[in-house]
Amino acid sequence: MSCLHKRLKKNKSEEEAFLEKARRIAHENGKRLGLEGDADLNFLLVGGELIKIRSSSWKRNRFFKLQEDCKTLWYESHKTFRKKQTFSIDDIESVRKGRQSEGLNKHTDPSVEEMCFSIIFKGSKKNLDLMAANGTEAKQWVSGLDKIIHNMRNLSSQQKSEHWIINCMRKADKNADNKMTLKEVKHFLRQVNVEVDDTYAAEIFKKCDKSNSGSLEGEEIKHFYDLLTHREEVDVIYENYAQTEGQMSSKDLLNFLLTEQREKVSMEDALKLIEKYEVDGTAKQNERMSKDGFLMYLHREEGSIFNPAHKQVYQDMHQPLNHYYISSSHNTYLMEDQLKGPSSTEAYIKALMKSCRCVELDCWDGANGEPVIYHGYTLTSKVLFRDVIKAINDYAFKTSDYPVILSLENHCSVDQQKLMAHHLISILGEALLTKPVGNTMPSDFPSPEGLKGKFLIKGKRLNKLDAALNNNNSTIEEDTVSEEDEAADCKENGHKSKSKKSKIKLAKALSDIVVYCKSVHFSGFEHAKDCQVFYEMSSFKESKAFNLAVNSGTAYIHHNIDKLSRIYPAGSRTDSSNYNPVPMWNVGCQIVALNFQTPSKELHINQGRFLQNGLSGYVLKPEFQRSLSSQFNPNTGPWLKRKTFHVMVISAQQLPKVNKDKDKHKSIVDPLVRVEIYGVPADNASKETHYIDNNGFNPMWNEKFQFNIHVAELALLRFVVEDYDSTSQNDLIGQYCLPVSSVQNGYRHVPLLTKRGDVICSAGLFVHLMLVDAQ
């Protein structure tokens, strides 16, 4: 639908008809979102003036409004070639009320707090910092946008699909007459990523044009929509089990759930699904499921590949902290590369909102006695330590209540270290853990449950923990300790001269708040076993960790049974690329730190690993990585519960276009699907389908693959959909990764995510999966 501001001048009656039509479309879309008659939605549809803020001197009035599709924001721009700009609500990560962005905090006065809000985008797009005329209007903008975002995310994939298709139809209806000519039908098919030859387009058009008027309208458009969205593969499954007068009785549905989906369910569960998803009143009354109800079920969480029981915290959270994999970030402050990119509090907020539970703070002396965070020996920008701690305090527990570890890499002078300790204590307050839980000398880590809402500091400590508890704590204000291993590596990469025994002065005030995560140098597994206490932990550069994992797998697992290990990327990864985290998890390493700012296969795998357990950022390690009697080695076994995994890639729906900048003909995708397994070396595998020419709307493969899984508890499944290109590298269309232990058997829909890990609203795969004991 063209936005109101682009239309040609009309006479009064045309203007009224146009506005009436716009209101009707907005009403339909609002209703579809469950916001019919909502005052905040209507406020956004009318729109209003906001002040766009870029700096203390750049503040401009701009008119913003929600378009009639209820999913696009329009605003005027004063750029020469882009007078009007739009962005999709799908592109918004969150809306923050008040001066909660770096820009607003810096460029506005505290007195306008109530009038400010920020639109935070997914990916690397800059925040939009805005100020309304008053607090009431700001509240309405935030409330209206929040409602739309929330309701759009809660639509089923089928509803999202309908919303998307209907809006594509409106865009294709160039003259906005509610009719579609053959030319407009062709334009629409391109919109939805289907390349059809003229004969087929004419054929489908003729089949629907019952009135022979040369255009489709009303019921004819509905018929066209039904033909287009018909799911042949779902029909086959449904008809196989619909044994009661062409419909599925509750008994038929139960048979399907037990036979195909391999679910442990009863008749009561089948009846609940009919009650929940059946759209036809008569069928529901007769305790039957129609084809539409069945399709609705397949599109909801019960029909998803990801086990809905794993969406909540379902694991035992009372085990010691080191018995969990912990979602961890490296150089969290960076938004881009490691050499000249910006440092920002925003990077911490984004990581924490993705349930990251261990963030890194690279601390250096700053101007005016205030410590700063940046990547030393480089041109990356600096951000105040104090501002980072404030941002962490504000956002640490919004997605997950479980503890956050602040990993300090300390390069500061003693005076600025004292200020660091002061900021940590004063800003984090009671949430900062400054002494062991229970005030007695512990022999093991507390649990994530026992540390809910707490911050733990990882860093150097001047003495053992028992000294502090037995009042043997020295009154000396500072002393020397060895430098952090990663700091030494950082110097090495910065080409600074370095002694192997580099020392730094450590302030007692900073040392005292390190409780369960005292950094020590790793001198071998035997030394660690004999000389290190449980709370003394080491950091390993990726190359060293890989070497240990390959050559001493069992010893590494035993080391991690009573201690924490942190792995970090090599300093040579100046582009902020990532290493493969799987071999590290295979030997029980907990804090496998990755560059969260870099979208990559490795980050997709990390997102898959922590998808389960309520997005808490903590995943309980398998029992064989927690038991001292375990002789497990990821390289050699023993393999106790081998599985065979059957995967059939059936079809895809509404894949987005890639390479929109190329000419139109080439923008239709030629999709293929790759199925990847990551786990112990014996399980790593990859198989792919053939590609399908020019169809991103409803391609069908029906290809079967078989994988041998030796250790299902450590295995991850990843689907990759690519646009095939014979002359260059394939382009990524979408991907999805999850633990094999969270996969539901049977016919399942698979959501697809962008390279940056955001959901592609209308797209998905349809697959059949079966994980069975190996013969």
Find out whether [X] and [Y] are in side-chain contact, i.e. whether some heavy atom of one side chain is under 4.5 Å from a heavy atom of the other.
X: Asn613; Y: Leu620; value: no
X: Ser143; Y: Asp146; value: no
X: Ser328; Y: Val592; value: no
X: Glu260; Y: Tyr241; value: yes
X: Phe719; Y: Leu717; value: yes
X: Val675; Y: Ser686; value: no

Checklist entry - Does the pair Glu449 and Tyr618 meet the rule for a side-chain hydrogen bond (donor to acceptor under 3.5 Å, both in side chains), with working shown? => result CA-CA 11 Å; Glu449 192 65 35; Tyr618 284 82; over 6 Å; no

Going by atom types alone, do [X] and [Y] pair a side-chain donor with an acceptor below 3.5 Å?
X: Gln243; Y: Ser249; result: no
X: Tyr314; Y: Gln612; result: yes
X: Ser304; Y: His749; result: no
X: Thr244; Y: Asp252; result: yes

Taking all non-hydrogen atoms of both residues into account, name the closest pair between [X] and [Y] and its distance.
X: Cys358; Y: Cys356; value: O-SG, 3.3 Å
X: Trp701; Y: His690; value: NE1-O, 3.0 Å
X: Asn684; Y: Gly679; value: OD1-N, 2.9 Å
X: Glu220; Y: Cys208; value: CG-O, 3.2 Å
X: Pro656; Y: Val669; value: O-CG1, 3.9 Å
X: Gly34; Y: Asn151; value: O-ND2, 4.0 Å

Determine whether a donor-acceptor pair (N or O, by modelled atom type, separation under 3.5 Å) exists between the side chain of [X] and the backbone of [Y].
X: Ser651; Y: Met700; result: no
X: Gln590; Y: Asn560; result: yes
X: Asp38; Y: Asp40; result: yes
X: His604; Y: Gln735; result: no
X: Lys452; Y: Asp401; result: no
X: Asp723; Y: Asp670; result: yes
X: Asp69; Y: Thr72; result: yes
X: Lys601; Y: Asn580; result: no
X: Thr689; Y: Val673; result: yes
X: Ser400; Y: Ser616; result: yes

Rounded distance (nearest 0.5 Å) linking atom [atom1] of [X] with atom [atom2] of [Y]:
X: Glu703; Y: Met648; atom1: CD; atom2: CE; result: 9.0 Å
X: Lys122; Y: Ser94; atom1: NZ; atom2: OG; result: 10.5 Å
X: Leu321; Y: Leu451; atom1: CG; atom2: CG; result: 6.0 Å
X: Gln319; Y: Tyr324; atom1: CD; atom2: OH; result: 5.0 Å
X: Arg748; Y: Ile305; atom1: CZ; atom2: CD1; result: 9.0 Å
X: Ser250; Y: Asn255; atom1: OG; atom2: CG; result: 11.5 Å

Has [X] got more than 12 heavy atoms of other residues, nucleotides or ligands less than 6.0 Å from its [atom1]?
X: Lys251; atom1: NZ; answer: no
X: Lys755; atom1: NZ; answer: no
X: Glu239; atom1: CD; answer: yes
X: His646; atom1: NE2; answer: yes

Identify whether the distance between the nearest side-chain nitrogen and carboxylate oxygen of [X] and [Y] falls below 4.0 Å.
X: Arg718; Y: Glu676; result: yes
X: Lys291; Y: Asp235; result: yes
X: Glu722; Y: Arg674; result: yes
X: Glu302; Y: Lys311; result: no

Apply salt bridge (Lys or Arg N to Asp or Glu O under 4.0 Å) to Glu232 and list each qualifying residue two or more places apart in sequence or on a separate chain.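 With neighbours one apart ignored, the set is empty.
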
(message) Check for me whether Lys687 meets the cation-pi criterion with Phe707, that is, NZ or CZ under 6.0 Å from the six-membered ring centre and within 45 degrees of the ring axis.
(response)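 Yes, a cation-pi geometry holds between Lys687 and Phe707.
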
Tyr678 six-ring face occupied by Arg609 cation (under 6.0 Å, within 45°):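 No, Arg609 and Tyr678 do not form such a contact.
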
Practice item. Carefully, step by step, assess Phe697 and Leu655 under the rule side chain to side chain contact (heavy atoms under 4.5 Å, CB included). Key: CA-CA 6 Å; Phe697 185 74; Leu655 301 175; over 6 Å; no

Please find out if less than 6.0 Å separates the ring center of Phe294 from that of Phe256.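 Centroid distance Phe294-Phe256: below 6.0 Å, so yes.
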
| query | Do the ring planes of Tyr277 and Tyr297 sit parallel (below 30°), tilted (30 to 60°) or perpendicular (above 60°)? | reply |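 Tilted, since the angle between the ring planes falls between 30° and 60°.
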
Run the numbers on Ser266 and Asp269 for side-chain hydrogen bond (donor to acceptor under 3.5 Å, both in side chains), then give the verdict.
CA-CA 5 Å; Ser266 64; Asp269 297 300; 3.1 Å; yes

When you look at Asp773 and Lys641, which way does the salt bridge (charged side-chain N to carboxylate O under 4.0 Å, His left out) test go after all the steps? CA-CA 7 Å; Asp773 292 336; Lys641 300 174 190 170; over 6 Å; no

Taking only residues two or more places apart in sequence or in another chain, which ones pass side-chain contact (heavy atoms from CB on, under 4.5 Å) with Glu623?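 Residues passing side-chain contact (heavy atoms from CB on, under 4.5 Å) with Glu623: Arg626, Ser627.
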
- [ ] Kindly determine whether Glu278 and Ser290 satisfy side-chain hydrogen bond (donor to acceptor under 3.5 Å, both in side chains), including the steps that lead there.
- [x] CA-CA 7 Å; Glu278 183 46 58; Ser290 67; 2.8 Å; yes

